[in-house]
Amino acid sequence: MKTTTSSEGVPIREEEIDAVLAAGATRDAAHVREVLAKAKELKGLSASDVAVLMPISDPELLGELFATARQVKEEIYGRRLVLFAPLYISNLCGNECLYCAFRVRNKDVKRRALSQEEIAQEITVLVEQGHKRVLLVAGESYPQEGFSYVLRSIETIYATRSGNGEIRRVNANVAPLTLEEFRQLKAARIGTYQVFQETYHHATYAKMHLGGKKMDYNWRVTAMDRAMEAGIDDVGIGVLFGLADWRFEVLAMMQHIAHLEERFGVGPHTISVPRLEPATGSNIAAQPPHAVGDLDFRKIVAILRLAVPYTGIIMSTRETANIRRETFALGVSQISAGSRTNPGGYVEGDPVAVSEQFSLGDHRGLDEVVRDVASLGYIPSFCTACYRLGRTGHDFMDMAKPGAIKDHCDPNALSTFLEYLTDYASPETQAAGEKLIADTLERMNDGVRRISQNLLAKVREGQHDVLC
Ligand code: SAM
Ligand code: SF4
């Protein structure tokens, strides 16, 4: 068994996962219903509970699983969906991850690290589309100045304005850092620090990472410990689904979460669920060793929603519009929109295959995604209030746990949505949006409606960035 102890890293106990999976494979309907009833209490699930839900294939039980996830999502998160855009600043990379187009030995990719001026131009395009949140992404190799390139880029993003708009929260997905670098990232006013383990399965990890720093499983799996030690209390974890058995990955991710909760008293702020997509120069990406089908993918989202009800789930534009729509209801709380995965992609317009990281499944622009989300009855939210009002880590979780976050989220979601509609939306989207706002107000309880109406009135008077 490959195990790490807490003194040398995060304990991922593979034998324990195998044993839990074997015990959960009984498919007893009564037992499944017991677990679903427990999930409705919003206290999360144990590994053995989760293992009971994983094998469900009976259509009736599947329907019950999805309905329970929907109920839990609505209870905690309401009907909002937070929107963001990734910003790829560089595709230089010193690692050899077999699934990624940016891997160092891939000669089919045009390498590019954006200058600060180019970053400001990319941000101007995103701000003028209406974005307020950006996820900065980079390969693991920086231009001459080293890691300070990332810090300067964050500064540039926050400093760029256009019209009434600016980016109000910068999250980052960059390779694991040292404690000192994490401290610098915190000082740069980072929102969430995100890094995916890709696979928690040690043998698969070794097979997929054939060069560079990323070969060190332990350095990566302990990244969140260093981030939290450095005071970054919103961290985002994830698995690249398709590399190893998804059931193993979900249970390993739960061990990672339990470790963070035990050590820091708070788990990750978000979980990402990327599925392997085709990538230039990657055979693994074209034929994933453990491809996850659409039904299993929906099960992953629903099970995560029930297992860790207070953790946000992020759905990227790797997925098609249809899959994204289906998973909104099951527990997704944040989505990207109008994304480009090639550095310089927003200024250039069309995706440029020779420098993008992987192929996208949803090519729609922000306006169209917002209209679609609104017509499905969800509130597209551009809110960044929690982070800016200091509601992160423990404070966020304390508020999320009794369901109170909804009382803040829904009014803030509505006011930032109205700001978007007023400043950036097409007439069609404005019409769909105003209808959603009216319907949402009608469904709210009196107190939350009053708070929302107050914020909305300020936005209609022309105020920006009103929050509660
Ligand atoms: N280079 C840093 C790292 O690896 O942690 C951060 C940025 S990397 C560009 C962001 C994520 O993209 C990776 O963690 C991986 O999960 C994902 N990714 C890589 N290749 C992919 C593919 N072919 N399809 C979908 N996602 C992919
Ligand atoms: Fe580099 Fe990250 Fe791609 Fe690996 S996943 S090759 S580290 S950019």
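Just so it is clear, the structure is predicted and the values come from calculations on it, not from any experiment. Numbering of ligands and ligand atoms starts at 1, following listing order. Both backbone and side-chain heavy atoms feed into the values below; hydrogens, waters and symmetry mates do not.
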Under 4.0 Å between a Lys/Arg side-chain N and an Asp/Glu carboxylate O for [X] and [Y]?
X: E166; Y: R161; answer: yes
X: R263; Y: E229; answer: yes
X: E348; Y: K110; answer: no

Contacting atoms of ligand 2, where contact means under 4.0 angstrom from a heavy atom of K214: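 Under 4.0 Å from K214, ligand 2 has these atoms: 2 (Fe), 4 (Fe), 5 (S), 7 (S).
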When you measure from the centre of the six-membered ring of W219, is the NZ or CZ of R226 under 6.0 Å away and within 45° of the axis?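 Relative to the ring axis of W219, which defines the angle, R226 lies inside both limits.
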For F297, is the NZ or CZ atom of R275 found under 6.0 angstrom from the centre of its six-membered ring and inside 45 degrees of the ring axis?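 Here R275 passes the 6.0 Å and 45° test against F297.
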Run the numbers for me: atoms of ligand 1, each under 4.0 Å from some heavy atom of [X], listed by number.
X: A279; value: 23 (N)
X: V195; value: 5 (O)
X: V137; value: 7 (C), 9 (C)
X: K214; value: 3 (C), 4 (O)

To check your reading of the model: name the closest protein heavy atom to [atom], its residue, and the distance in Å.
atom: atom 24 (N) of ligand 1; result: E277 N, 2.9 Å
atom: atom 8 (S) of ligand 1; result: Q357 NE2, 3.6 Å
atom: atom 3 (Fe) of ligand 2; result: C100 SG, 2.4 Å
atom: atom 16 (O) of ligand 1; result: E198 OE1, 2.5 Å
atom: atom 7 (S) of ligand 2; result: N95 ND2, 3.2 Å
atom: atom 4 (Fe) of ligand 2; result: C97 SG, 2.3 Å
atom: atom 6 (C) of ligand 1; result: N173 OD1, 3.0 Å
atom: atom 8 (S) of ligand 2; result: G139 CA, 3.6 Å
atom: atom 1 (Fe) of ligand 2; result: C93 SG, 2.2 Å
atom: atom 27 (C) of ligand 1; result: F358 CD2, 3.7 Å
atom: atom 17 (C) of ligand 1; result: R318 NH2, 3.5 Å
atom: atom 5 (O) of ligand 1; result: R220 NH2, 2.7 Å

Please verify whether a non-hydrogen atom of A138 lies at under 4.0 Å from ligand 1.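 Flag set, A138 near ligand 1.
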Centroid separation under 6.0 Å, is that true for the rings of [Y] and [X]?
X: F182; Y: Y193; answer: yes
X: F84; Y: H131; answer: no
X: H209; Y: Y99; answer: yes

Are D294 and K299 close enough, and set up right, to give a salt bridge (Lys or Arg N to Asp or Glu O under 4.0 Å), and what steps lead you there? CA-CA 9 Å; D294 289 351; K299 275 165 71 174; over 6 Å; no
Is there a salt bridge (Lys or Arg N to Asp or Glu O under 4.0 Å) between K214 and E198? Walk through the geometry before answering. CA-CA 11 Å; K214 196 162 163 181; E198 319 296 12; 2.8 Å; yes
Closest approach of V72 and P309, non-hydrogen atoms and distance?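 Taking every non-hydrogen atom into account, CG1-CB, 3.9 Å.
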Please report the C-alpha distance between T199 and E249 in whole Å, then the side-chain angles of each, then the deciding distance to 0.1 Å, and finally whether the side-chain hydrogen bond (donor to acceptor under 3.5 Å, both in side chains) criterion is met. CA-CA 7 Å; T199 172; E249 303 286 24; 2.7 Å; yes
Within-cut-off N or O pair, Y88 and ligand 1, under 3.5 Å: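 For ligand 1, there is no N or O atom that lies under 3.5 Å from one belonging to Y88.
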Looking only at heavy atoms, is any part of L276 under 4.0 Å from ligand 1, and if so is it the side chain, the backbone, or both, or is it neither?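 L276 to ligand 1: contacts from backbone and side chain alike.
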